[in-house]
2 protein chains.
Amino acid sequence: MTIKEIAKLAEVSTSTVSRVLNNSGYVKQEVRERIEKIIEETGYMPSDVAKGLKDRKTNLIGVIIPRLNSRTTSLVVEGITRFLDKKGYTTLLANTGIRLEKELEFIKVFKQKRVNGILFVATRVSKEHAELLEKLDVPIVFIGQDAGEYGFPSVVHKDYNAAKDMTKYLIKKGHRKIGFIGVEESDVAVGLERKRGYIDAQFENNIEIDQGLIATGNFEVSSVEPSMEKIMQKKPSAIFAVTDSLAIGAINYLIKNGYQVPEDISVVGMGDSGIAEIYNPGLTTVKYEYLESGEEAAKLLIESFENKVALRKMMGYKLIERDSVRSV
Amino acid sequence: MTIKEIAKLAEVSTSTVSRVLNNSGYVKQEVRERIEKIIEETGYMPSDVAKGLKDRKTNLIGVIIPRLNSRTTSLVVEGITRFLDKKGYTTLLANTGIRLEKELEFIKVFKQKRVNGILFVATRVSKEHAELLEKLDVPIVFIGQDAGEYGFPSVVHKDYNAAKDMTKYLIKKGHRKIGFIGVEESDVAVGLERKRGYIDAQFENNIEIDQGLIATGNFEVSSVEPSMEKIMQKKPSAIFAVTDSLAIGAINYLIKNGYQVPEDISVVGMGDSGIAEIYNPGLTTVKYEYLESGEEAAKLLIESFENKVALRKMMGYKLIERDSVRSV
DNA sequence: TTGAAAGCGCTAACAG
DNA sequence: CTGTTAGCGCTTTCAA
C-alpha cells in the first residue's frame with residue numbers, strides 16, 4: 001500500500017493525499033473525508049523510509065550498550081527510551097558484548113541507517129572511537145565515561161567523589177584496614193576513578209596504603225574469590241567493593257568461610273543495584289542516578305541538534321546506609 | 001556525502017561507485033582502487049534509507065517490551081539482539097511501560113519505519129492487538145504469551161507445567177498447606193497458568209484447595225505484605241510465589257516477623273532471577289530459558305520471512321533446588 | 001483547492 | 001567494463 005494507491009482509490013493526486021496526511025495546505029472538506037476514510041479502511045501507513053529520504057531526518061537515535069544483563073545498563077536505557085519516546089524519536093539498540101570491534105561496527109551501521117544521533121554507554125573510550133566518530137560526523141553523547149578529552153559531550157557519574165566519600169565513611173566508622181576489590185583500570189570510571197577515591201580518602205586521613213589490601217579482578221562475581229583470598233590475609237575490618245555484585249560476592253565468600261557480616265567484618269558496595277536493598281544484610285552502598293543519566297544524555301543529544309556545544313554533565317549520588325557496616 | 005559526490009570526485013558514474021560498493025559487476029581494478037580510496041578518505045557510508053526505499057527491505061526488526069528493569073526482559077532482549085546481529089538485522093526498541101495504547105502506537109510506528117518484522121514481549125494479548133496486526137500485515141512473533149488463538153506464532157514458557165512441578169515438589173517434601181502469592185490473571189502466563197499448575201498439582205494429590213491460602217497482588221514487591229498477612233493466618237508450612245521477587249519479598253516479610261526460612265517456613269519462587277542464586281538463603285526456584293526464548297523467537301521470525309507458518313514453540317525449564325525449602 | 005513534476009540517494013536493467 | 005535511465009514512496013514548489 002502506497003500513497004499512489006490511496007490517491008488512485010480516492011481519485012485524486014498524490015499531492016492531495018499528502019496534504020491530508022500532513023494536515024498541510026488546503027483540501028476541500030469533502031475530499032479530505034473521502035481520503036481519510038480510504039486510509040482508515042486500507043490501514044495505510046506512510047513510509048518513514050521515503051520520508052526520511054526526502055527530508056534527511058529519520059528520527060532514529062542509535063544506542064550502544066556493553067550488555068543488557070546489568071541493572072545499570074537497563075536503567076540507563078530505560079531513561080533513554082523514556083525521554084526519546086516523549087520527543088518522538090525511535091531507539092535503535094546495539095548490544096556489543098564489550099567488544100571494541102563491535103562498537104566501531106555499530107557506529108558505522110548507525111551511520112548507514114542515518115540515525116540523527118548516537119548515545120554511547122561506554123566502558124572505555126579510545127582514540128579509535130574518536131577518529132571514527134570524527135570522520136563520520138554523527139552527533140554523539142557518551143554515558144558513564146568522560147570523552148571530553150576528545151571533545152565529545154558526556155554524562156558521567158561522580159565516581160571519584162563517591163568512592164572517596166564511601167571510604168571516608170568507613171574511616172569515620174573506625175576502620176583503618178580497608179580491603180579493596182576493584183576492576184581493570186581500562187574502565188576509567190569504575191576501575192580507575194573509584195580506586196583513586198579509595199586511595200585519596202585514606203591518604204587524607206594519614207592511612208598508609210597497603211597494596212596487600214588491594215585486589216583487582218573483573219566484573220564477574222567469580223573473580224571475587226581470588227581477590228578475597230589475597231585481601232583476607234591482611235585481616236581487614238572492612239571491604240570496599242567497587243560494585244554491588246562484587247560486594248555481595250564478597251559477603252557470600254565471607255559467610256561460606258565462617259565470618260559474619262557486619263559483626264566480624266563490614267562490607268560496602270557501589271551502585272545500589274536493587275539487590276543491595278533486598279539482600280540480607282541490607283548492603284550499604286552508593287546510589288547513582290542511572291535512569292536520570294539516560295534521560296539527561298538523551299536530552300543533551302537532542303539539544304545539541306540545535307546548538308552544538310560539547311559539555312560534560314555530572315550526575316549526583318547518594319550514600320545509602322544499611323546494615324552491612326558496623327563501627328569498630 | 002552521497003554516492004553522487006563520490007562519483008564526481010572519482011570522475012565516474014554513480015553506477016560504477018555502486019558496483020564497487022556492492023562488489024557487483026565488473027569494475028576495472030584501477031578504477032576500483034581509485035574509488036575505494038576516495039570512499040576511505042571521505043568516510044562515506046551509503047544510505048540504508050535510500051537503499052531501503054529501493055528494495056523495500058530495511059533489515060529492521062521492532063522489539064516491543066513492557067519494561068527494561070526486569071531480568072526477564074533483559075535476558076530476552078539480549079537473546080534477541082544476539083541472534084539478530086548475527087543475521088544482519090538491527091533492533092528497534094520500544095518500551096511501553098505495559099500500556100496498551102503505547103503498544104498499539106509502537107506497532108504503528110514500526111509499520112511506518114517499515115520494519116521487516118516485530119518481536120513482541122507481551123504480558124497479555126488482546127483482540128485489539130490482533131486486529132491492528134491483521135490490518136497492518138507485519139510479520140510478528142509473540143514472546144511469553146500464547147497468541148495462537150489469533151493465529152500468531154508464539155514462543156512461550158511451560159508455565160503450567162513448571163508451576164505444577166514446583167507444587168508437586170513441595171508436596172513431595174511433605175507440605176500440605178502451601179500458600180500462594182500470585183498476580184492478576186490478565187497476565188495469562190504468570191497469573192493464570194501458574195495458578196492452574198498450583199491448583200492442579202494439589203488436586204491430583206487430593207489436597208483440598210483453601211482459598212484462604214491464595215493471595216493475588218501484582219508484580220510490585222510492595223504488594224507482598226498484604227498477601228502474606230492474609231496467607232499467614234492459615235499457618236502454611238510453605239509459600240509458593242509466582243516470581244522470585246515476590247518470593248524474596250515474602251522471605252523478607254517473614255524474617256521481619258521473626259520467622260526463619262526454611263526452618264519455620266519454606267519459600268519457593270519462579271524465574272531464577274539471578275537474585276535467587278546469591279540470596280541468603282539460596283532460593284529454590286524454576287529456571288526458564290529466557291535468553292534462549294529471545295533467540296528462538298528471533299529465529300522463528302526470520303524463518304517466517306521465507307515460509308510463513310504460525311506455530312508455537314515451547315521452551316523448557318528446570319527446577320533448581322537450593323536452600324529455602326525443608327522437608328516436614 | 002488541486003495536480004504535475006522534480007528530487008531525496010541508491011540500484012539495476014539496458015545499451016553501448 | 002562503464003554510463004544512462006527509470007523508479008522506489010514521499011513532499012513541495014509552481015502553475016493552473
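All values below come from the heavy atoms of this structure, side chains included, with hydrogens, waters and symmetry mates left out.
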Any residue of residues 19-31 of chain B with a heavy atom less than 4.0 Å from an atom of DNA chain D: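 DNA chain D contact set from residues 19-31 of chain B: B/Arg19, B/Tyr26, B/Val27, B/Lys28, B/Val31.
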Sugar-phosphate only, base, or nothing, as touched by [X] at under 4.0 Å among non-hydrogen atoms:
X	answer
A/Val49	nothing
B/Ser15	base
B/Ser47	sugar-phosphate

When the distance from [atom1] of [X] to [atom2] of [N] is rounded to whole Å, what number comes out?
X	N	atom1	atom2	value
A/Ile3	D/dC8	CD1	C1'	14 Å
B/Lys51	D/dG9	NZ	P	18 Å
B/Asp55	C/dG9	CG	P	17 Å
B/Met45	C/dG9	CE	C1'	16 Å
B/Leu53	D/dT11	CG	P	12 Å
B/Gln112	D/dG9	CD	P	15 Å
A/Ile6	C/dG3	CD1	C1'	18 Å
A/Met1	D/dC10	CE	C1'	16 Å

Side-chain-base donor-acceptor pair under 3.5 Å for B/Ser18 and C/dA12: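 By the distance-only test, no, there is no pair.
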Aromatic ring pairing B/Phe152/B/Phe142, orientation class (parallel under 30°, perpendicular over 60°, tilted between):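 Ring orientation of B/Phe152 relative to B/Phe142: tilted.
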Taking only the side-chain heavy atoms of [X] (C-beta and beyond), determine which of [options] contains the nearest atom.
X	options	result
B/Thr14	C/dT11, C/dC10, D/dG9	C/dT11
A/Lys54	D/dG9, D/dT2, C/dA4	D/dG9
B/Lys4	C/dT11, C/dG9, C/dC8	C/dC8

Residues B/Lys135 and A/Glu40 bridged, charged N to O under 4.0 Å: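 Yes, charged N to carboxylate O under 4.0 Å.
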Short N-O contact, B/Asp137 and B/Lys111, less than 4.0 angstrom: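 Salt bridge: no.
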Side-chain N or O of A/Thr16 closer than 4.0 Å to phosphate OP1/OP2 of C/dG3: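 Yes.
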Short side-chain to backbone donor-acceptor contact, A/Glu193 and A/Val188, under 3.5 Å: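 Absent.
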Side-chain donor/acceptor of A/Thr42 to backbone N/O of A/Ile38, under 3.5 Å: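 Side chain of A/Thr42 to backbone of A/Ile38: a pair is present.
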Polar side chain donor-acceptor pair, B/Thr73 to B/Ser70, under 3.5 angstrom: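 A pair is found: one side chain offers a donor N or O, the other an acceptor, under 3.5 Å apart.
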Partner set under salt bridge (Lys or Arg N to Asp or Glu O under 4.0 Å) for B/Lys113, not counting sequence neighbours: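 B/Lys113 satisfies salt bridge (Lys or Arg N to Asp or Glu O under 4.0 Å) with A/Asp48 only.
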